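So that the names make sense, note that chain A is the first sequence line, chain B the second, and so on, each numbered from 1. The structure displayed is predicted, hence computed values, not measured ones.
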There are 2 protein chains.
Amino acid sequence: MRPQKIEEQEMLNGFAKLFKEKGYEGTSLAELAVVTGLKKASLYHRFPKGKEEMAKAVLLSINEWVEKHVFNTLTNPSLSPEERLKNGLQSIQKLYDDGNTPCLLQAFSVQSGIEVFHQLINDSMSDWVDAFTNIGLAFDLSQSAAKEKATQVLIAIQGSLIVSRGFNNPNIFINSLTNIEAMYTQE
Amino acid sequence: MRPQKIEEQEMLNGFAKLFKEKGYEGTSLAELAVVTGLKKASLYHRFPKGKEEMAKAVLLSINEWVEKHVFNTLTNPSLSPEERLKNGLQSIQKLYDDGNTPCLLQAFSVQSGIEVFHQLINDSMSDWVDAFTNIGLAFDLSQSAAKEKATQVLIAIQGSLIVSRGFNNPNIFINSLTNIEAMYTQE
DNA sequence: AATATTTTACCGAACGTTCGGTTAATAAAA
DNA sequence: TTTTATTAACCGAACGTTCGGTAAAATATT
């Protein structure tokens with residue numbers, strides 16, 4: 001069996017960069033091909049269902065990373081709530097490259113018109129809220145208060161990414177992460 | 001002189017709907033034509049520089065609406081700070097159709113690659129921060145505290161629009177507006 | 001060890017479609 | 001008649017996708 005020129009995960013990383021910056025419709029197969037070093041036709045050998053399959057694979061790949069590095073940290077029972085929160089936020093900071101990289105959920109929630117994406121976005125956001133609800137409970141909040149605060153956290157993350165990008169100032173995102181930590185430790 | 005089939009403002013309203021939902025690249029000239037009732041070629045009579053001019057016109061049109069209905073209200077010296085804030089937030093709620101309509105700045109900040117847009121987005125966001133900084137000063141905050149809070153407000157608006165859309169639940173946006181009011185009146 | 005077969009990875013070229021944009025002619029009011 | 005608004009027809013380029021065939025490694029046969 002002939003060896004692959006590039007491994008799947010490497011392809012997905014390249015895809016992710018494009019999709020995050022340019023959205024689904026804004027990213028062309030020509031660009032997706034260039035970023036992998038393969039030709040357009042070869043992409044269809046790897047992803048027979050085409051562009052939509054590539055995008056879905058990127059979404060799932062990022063979801064896995066988040067599951068592993070963010071959610072697992074936030075809910076790690078062997079750490080104190082303070083440590084879980086701090087480490088989880090650090091992973092989030094890394095996920096968005098210190099505020100320099102847009103969120104794929106945002107990029108895909110605009111346009112694309114593809115229905116499956118809406119469901120994946122909805123599910124993914126639910127996971128975020130669940131993870132932060134868990135942290136809220138660890139800080140002795142009531143179930144409803146924990147969920148309310150978790151929603152505020154998701155809003156702060158998403159909003160600060162937007163505003164950071166608008167002002168071209170990643171510090172706005174970084175500051176928001178600090179504020180989020182304070183929302184739990186100082187209230 | 002032959003009369004126009006549709007007035008400019010009506011066209012812009014139709015354009016806005018499309019651009020907000022589908023983004024810049026995601027919206028085709030064919031769709032822009034359908035929504036106006038004109039043919040593609042006619043769009044070029046009205047907007048000789050094409051799609052980019054149409055998009056820019058929509059941005060400016062919305063900026064004008066916001067200037068008039070949101071910023072002027074927030075800074076209206078003949079009202080109390082509480083009333084200015086309340087009325088301004090009501091206009092914002094209307095602007096985003098109770099959380100059912102995405103923000104054009106978001107839709108255009110993804111993809112598009114057109115440099116002029118970045119500047120317009122940056123300028124527009126600056127106006128938002130300035131307006132809410134003004135309200136913060138009216139609530140006796142220091143300049144820096146007012147600006148800091150204004151940034152938080154913009155983040156909350158943008159973030160809650162994203163999350164509302166993700167969960168297909170406009171109430172999240174409505175609640176955020178309520179929280180924003182409380183940020184000034186209860187602190 | 002050498003050869004033939006199979007399997008997988010890749011790619012050049014073209015597909016039909018849609019993109020944003022243009023041109024030349026028509027329709028309608030002043 | 002002049003001026004403006006509209007449009008049918010058209011354009012080159014790019015889109016996502018498909019297909020026939022090649023390149024290269026693994027396996028089976030001699």
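- No cation-pi contact links B/Lys149 to B/Phe132, judged by a cut-off of 6.0 Å to the six-membered ring centre and 45° from its axis.
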- Query: Using Watson-Crick and G-U wobble pairs whose two distances are both under 3.5 Å, how do you write the pairing of DNA chain C as dot-bracket, with | for links to another strand?
  - Reply: ||||||||||||||||||||||||||||||
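- In terms of position on DNA chain C, the residue among B/Pro3 and B/Gly50 whose nearest nucleotide sits closer to the 5' end is B/Gly50.
- When all heavy atoms of A/Lys20 and A/Leu95 are compared, the closest pair comes out as NZ-O, 4.4 Å.
- Along DNA chain C, read 5' to 3', the first and last nucleotides having any atom under 4.0 Å from a heavy atom of chain A are C/dT8 to C/dG12.
- Both A/Thr27 and A/Ser42 lie near DNA chain D, and the one whose nearest nucleotide falls closer to the 5' end is A/Thr27.
- At the heavy-atom level, A/Ser28 lies under 4.0 Å from the strands shown only through sugar-phosphate atoms.
- Using a 4.0 Å heavy-atom criterion, one finds that B/Lys5 contacts the sugar-phosphate atoms exclusively.
- One can place CD of B/Gln4 at 12 Å from P of D/dT7, the figure rounded to the nearest angstrom.
- A search for salt bridge (charged side-chain N to carboxylate O under 4.0 Å, His left out) contacts involving B/Lys51 returns nothing, not counting sequence neighbours.
- Base contact: A/Leu29 has a heavy atom under 4.0 Å from a base atom.
- Residue contacts for B/Thr36: at a heavy-atom cut-off of 4.0 Å it reaches no nucleic acid atom on any strand shown.
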